[in-house]
Q: 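Input: one structure, supplied below.
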Amino acid sequence: MVSTQPILSATGLTMEFRGFVAVKDVTLSVNEGTIHALIGPNGAGKTTVFNLLTKFLTPTRGQISFRGNDITGLKPAEVARLGLVRSFQISAVFPHLTVLDNVRVALQRPKNLATQFWLPFSSLSVLDDRALELIDAVNLSAYAHLTASELSYGRKRALEIATTLALDPAMLLLDEPMAGMGHEDIGRIADLIRRVAKNRTVLMVEHNLNVVADLCDRVTVLARGEILSDGSYATVSADPRVREAYMGTEHE
Ligand SMILES: Nc1ncnc2c1ncn2[C@@H]1O[C@H](COP(=O)(O)OP(=O)(O)OP(=O)(O)O)[C@@H](O)[C@H]1O
Ligand SMILES: [Mg+2]
């Protein structure tokens, strides 16, 4: 359901750290049902924008709305409740629990995160069907009874995505989901993102431009805190300003 209806939009976002302007007058919108990438050279302000959108930082100026609600003044847990969830925000993975138990625990988090409580462990078995579904969705069925600490790095990230999906968010934000991964894991996580994006919106910060080209419907390029270019991967990668901004930066 790719649409041109924005689910998340930011207007005039500015973030100053003691006089240093890390993000300057950023206006962007993410359309419902799309996979949208935020890219740019090191230090461009990607993580800062990400933290502003998920409410981990409060903007110096600007406004953010999600599904028509002004969320500028809300806390991370409040926006999560509205369906805007970042991986890692609430999806702590417990290393000594099995994959299955991690997902069961995530599933029994009430939607109202402010009044979190824990059921006795034995009653978690009723959640097994849904847990196994989620584990299957992230291709971890064969590893359900291993502890999280026994998983490879890429599979740990898949487990984190499963525990985030347990909340059934309308929109998922991922900060460099492929960071530190080898080829095989990158392919697996890309497939996973494509699959989980079928009925939700994804915004991801990503350095790997092959992944972005392959996966994302739309790309916003930041450089020195400002938006340089916005459009399809083909459009932004042909933009001379983008090429110039990436020149001299190595690992991109
Ligand atoms: N808490 C902070 N205090 C002061 N300066 C900060 C703070 N957070 C970020 N910055 C600065 O803001 C700029 C943007 O940083 P940010 O981490 O958002 O960039 P990025 O695009 O995510 O970079 P990278 O690709 O390296 O992850 C950098 O110059 C950084 O040093
Ligand atoms: Mg960053």
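First listed ligand is number 1; within each ligand, the first listed atom is number 1.
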Q: Before signing off on this row, confirm whether Ala44 and ligand 1 have an N or O atom pair separated by under 3.5 Å.
A: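 There is such a contact, yes.
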Q: So, Ser65 side chain and Gly68 main chain: donor-acceptor pair closer than 3.5 Å or not?
A: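 Here the side-chain-to-backbone pair does not exist.
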Q: Linking I/L/V/M/F/W/Y whenever any side-chain heavy atoms sit under 4.5 Å apart, do Leu151 and Ile193 land together?
A: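 Cluster IDs for Leu151 and Ile193 match.
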Q: By number and element, which atoms of ligand 1 are closer than 4.0 Å to a non-hydrogen atom of Thr48?
A: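 Those qualifying, in numeric order: 9 (C), 15 (O), 16 (P), 18 (O).
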Q: Near the Mg ion (ligand 2), is there an N/O/S atom from Asn42 that is less than 2.8 Å away?
A: no
Q: Any idea which part of Phe20 is under 4.0 Å from ligand 1, heavy-atom wise: side chain, backbone, both or neither?
A: side chain
Q: Please determine whether any non-hydrogen atom of His207 lies less than 4.0 Å from an atom of ligand 1.
A: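 True for this residue.
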Q: Keeping Thr14 on the side-chain end and Asp25 on the backbone end, is there a donor-acceptor pair under 3.5 Å?
A: yes
Q: Quick check: do Ile39 and Leu209 have side-chain heavy atoms less than 4.5 Å from each other?
A: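 Ile39 vs Leu209: side chains touch.
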Q: Give the intermediate values and the outcome of side-chain contact (heavy atoms from CB on, under 4.5 Å) for residues Phe66 and Val30.
A: CA-CA 10 Å; Phe66 178 66; Val30 179; over 6 Å; no
Q: So is Gly40 touching ligand 1 or not, going by heavy atoms under 4.0 Å?
A: no
